[in-house]
Amino acid sequence: MNSSLVRAARSIAHPRRPNIDGGLPARSASTLAETLESQVPAKRLALAELKKNHGSKVIGKVTIDQLIGGARGVKCMLWETSNLDAEEGIRFRGLTIPECQQVLPTFSGKAGDGEPLLESIIWLLLTSEVPTKAQVDGLTAELHERSSKLPKHVVPLLNSLPRDMHPMTQFSIGLNAAQTASVFAKAYADGVPKNEYHKFALEDILNVFAVIPEIAATIYRNVYFDGIVKKDQTLDYSGNFCRMLGYDDPSFDELMRLYLCIHTDHEGGNASAHTTHLVGSTLSDPYLSYAAGLNALAGPLHGLANQEVLKWIQALQEKFAKEGKEVNADTITEFAWETLNAKKVVPGYGHAVLRKTDPRYTCQREFGLKHMPDDPLFKIVDTIYSVMPGVLKEHGKVANPYPNVDSHSGVLLWHYGFTQYQYYTVLFGVSRAVGGLSQLYWDRALGLALERPKSHTPEWLENFAKNNPDA
Ligand SMILES: CC(=O)SCCNC(=O)CCNC(=O)[C@H](O)C(C)(C)COP(=O)(O)OP(=O)(O)OC[C@H]1O[C@@H](n2cnc3c(N)ncnc32)[C@H](O)[C@@H]1OP(=O)(O)O
Ligand SMILES: O=C([O-])CC(=O)C(=O)O
C-alpha cells in the first residue's frame, strides 16, 4: 500500500484529527465501537461550538420555486458521512471513488488490488478514518457473528409471502419484522438517558448490517429459485452475500464489492437517506428508520430506476427485433424520442443535484471495460451513452442530460446471469443501509433534533408575494 497516499487520504477523511508527530494520525482503539466512542466527546463539543459561535449566520435563502419544486438546493440538513458536488460527484468522508479504490483494504489485503471491501466503507463512513486490514477483518468477523441475531420468525415470514410481491416490498416487510430485536427500542422503553442513545443505536445499526444479507438473499432464492440460502462466512461480507444469493465466481464477488461500496451514501438529501434521517429523528429505532428509507428507495425516480433501465433496454431490443432492425445509435435515438414524446422519463438519466456524468457510472463502465468489453448489452449501454446526452439536450427540459448510477448497474449484473431485474433495487437497499445508518449513529450521538420544517398554504404564499413585491 502506498503510505503517502494513505496518509493524504486519512488527512482528507479526518481533517480535524491532530497529527502530533507529523506521521500517520494516531491509531485509535481497535474495535469499531471503541473507535467511535472515543470520537463522541470532541464531536459533541465541536457542534456545540459551531452553534454558539455561528448559530445565527445565514447560509441561504428559499424561493417559492424551491418550495414548490422539491426543495432543490435548500440547505437544511446536517450530514457528515458524504458530500455531493454537482460537477465532481460524491466524496465519502472527503474521498472520491477512485481515491477509495486506491486506499481502502480489499479482499487480497492490498489496497488498490481489487475493489474495496464493504467493511472498509462502513469503517470509513462511521469513523471518518481509513481502516487497516486488521480492523476490517475484525469487523467482518463481528458482522458474521451478529448475523445470528436475525429473529427466528423472519425467514418463515418471508417464505410465506406471495412470490409475485415485489422484492422491495418483501425487503421492507422483512426488515420491519426484524425490528423485534431492536435494543434501541428496548433501551428507550427502559428509560436510558439521551446521552447514551447512540450506544444502543450502534448495536442496532451493526445488527441491521449483519442481518440484511440473509433477508435479501432469502427473497431472491424464494422468488426465483429453491428458497435455499447457503452461507460462506470464511469470506468477507460481499463474498458471503454472493454465496447466499447462489453465485460462486470471484469476478462476480468483485462486482458485488464495487456495487455495494458505491451505492452506500449520496449525502443527506436523497430520498432514501433523508427518509431514514427523518424517521430516525422521531427516535424510531434503526430498523424502522431504515425500513422507511427502503420504501423511498423503491420509487422509480430513485432506486427503482435501475430495474427500469433494464426494462427500457429490453423493450428497445424487442421493438427493433420485431421490425428487423439492429440496435444502434439511430434506433436508440428513435426509441428515446418515443419515450420523451410519450411524456415518460428516460430511466438512468438526469439527476436532482449532479450536472455531469455520475462518477458511479464511470467506475462501473471501467469495470465493464475490464471484465466484459465484448458483452452485447454492455455495448448497447455505451451506445446509449454516446447519444442520450445529445437527445436530452435537444429536448431542452432536463437539467442534467448525463447518466446516473442506475444507468449502468443492471447491465453488469446481467453479464453474470443475474437477469432478474425486478430484484436489482434490493441490492441497492443492502448497500444504502450503510450510508443512511452510519449517519443515523451520528444523529443520535450528537443529539440532533426532531426534523420538522415549516410548510405554507398556497394562500399564504400568494399573500406573501402580494405584500412583498421586491422579495
Ligand atoms: C439513485 C438515484 O436516485 S439516481 C436517479 C434515478 N432516477 C432516474 O434515473 C429517473 C429518470 N430521471 C428523472 O426522473 C429525473 O432526472 C430525477 C427525478 C432524477 C431528477 O429530477 P429533477 O431534479 O426534477 O430533474 P430536472 O430539474 O432535470 O427536471 C426538469 C424536467 O425534466 C424532466 N426530466 C428529468 N430527467 C428526465 C429524464 N431522464 N427523462 C425525461 N425527462 C426528464 C423532469 O421530469 C422535469 O419535467 P417537468 O418539468 O415536466 O416536471
Ligand atoms: O442523490 C440523489 O438524489 C439520488 C442518488 O443518486 C442517490 O441517492 O444515490
Side-chain angles (χ1 to χ4, degrees), residues 65-66 68-74 77 79 81-86 88-92 97 121 125 168 259-277 290 293-313 332-333 335-364 381 384-385 387-410 424-436 439:
D65 265 348
Q66 287 173 300
I68 296 169
R72 287 299 173 283
V74 176
M77 203 189 308
W79 198 268
T81 50
S82 69
N83 191 57
L84 184 64
D85 179 84
E88 181 194 57
I90 195 66
R91 279 181 184 262
F92 300 120
I97 290 171
I121 294 268
L125 291 183
M168 282 301 281
Y259 185 105
L260 293 181
C261 284
I262 64 175
H263 287 80
T264 48
D265 210 22
H266 218 231
E267 72 171 28
N270 71 77
S272 50
H274 184 189
T275 304
T276 306
H277 170 80
Y290 188 59
L294 280 177
N295 289 343
L297 194 67
L301 296 188
H302 189 23
L304 206 77
N306 59 18
Q307 79 164 45
E308 297 299 293
V309 168
L310 255 294
K311 218 161 108 179
W312 193 85
I313 296 174
I332 290 169
T333 303
F335 199 67
W337 278 110
E338 265 178 35
T339 305
L340 293 168
N341 292 337
K343 306 215 176 314
K344 294 190 284 191
V345 296
V346 176
Y349 277 77
H351 200 273
V353 179
L354 284 167
R355 294 295 175 261
K356 286 269 166 72
T357 297
D358 191 335
R360 298 171 299 177
Y361 177 93
T362 309
C363 72
Q364 293 185 95
V381 167
I384 295 174
Y385 186 33
V387 299
M388 196 61 77
V391 171
L392 292 174
K393 279 182 200 164
E394 194 182 332
H395 186 239
K397 255 176 48 170
V398 181
N400 174 35
Y402 301 107
N404 60 57
V405 66
D406 291 328
S407 189
H408 215 308
S409 49
Y424 288 172
T425 311
V426 173
L427 300 177
F428 195 158
V430 170
S431 172
R432 184 51 55 93
V434 170
Q439 180 60 41

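Atoms considered below: every heavy atom in the structure, side chains included; atoms not considered: hydrogens, waters and symmetry mates. Order of listing sets the numbers, starting from 1, for every ligand and every atom in it.
Remark: ligand 1 and Lys397 share an N or O pair separated by less than 3.5 Å (distance only, no angle test). For ligand 1, none of its N or O atoms has an N or O atom of His395 under 3.5 Å away. Residue contacts with ligand 1: Gly348 is placed with a nitrogen or oxygen under 3.5 Å of a nitrogen or oxygen of the ligand (distance criterion only). Some N or O of Tyr349 is nearer than 3.5 Å to an N or O of ligand 1, by distance alone. By the 3.5 Å distance cut-off applied to N or O atoms, Val405 is not counted among the residues near ligand 1.
Proximity of atom 51 (O) of ligand 1 to the protein is not indicated, since no non-hydrogen protein atom lies closer than 4.0 angstrom.
Glu308 does not count as a contact of ligand 1, since none of its heavy atoms falls under 4.0 Å from the ligand.
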Please tabulate protein-ligand N/O pairs under 3.5 Å for ligand 2, atom names and distances to 0.1 Å.
residue, atom, partner, partner atom, Å
ligand 2, 1 (O), His266, ND1, 2.7
ligand 2, 1 (O), His351, NE2, 3.3
ligand 2, 6 (O), His266, ND1, 3.0
ligand 2, 6 (O), His351, NE2, 2.8
ligand 2, 6 (O), Arg360, NH2, 2.7
ligand 2, 8 (O), Arg432, NH1, 2.9
ligand 2, 8 (O), Arg432, NH2, 3.4
ligand 2, 9 (O), Arg360, NH1, 2.7
ligand 2, 9 (O), Arg432, NH2, 2.7

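With a heavy-atom cut-off of 4.0 Å, Leu301 touches ligand 1 through backbone and side chain alike. At a 4.0 Å heavy-atom cut-off, ligand 1 does not touch Asn270 at all.
Closest heavy-atom approach to atom 45 (O) of ligand 1 within the set Val345, Leu304, Thr339: this belongs to Val345. Closest heavy-atom approach to atom 16 (O) of ligand 1 among the candidates Gly350, Gly303, Ala352, Ser272: Gly350.
Close approach of ligand 1 to Asp406 (heavy-atom distance below 4.0 Å) involves ligand atoms 1 (C), 2 (C), 4 (S), 6 (C).
Considering only residues two or more places apart in sequence or on other chains, Glu267 meets the salt bridge (Lys or Arg N to Asp or Glu O under 4.0 Å) condition with none of them.
Ser82 and His266 form no side-chain donor-acceptor contact under 3.5 Å, judged by distance and modelled atom types alone.
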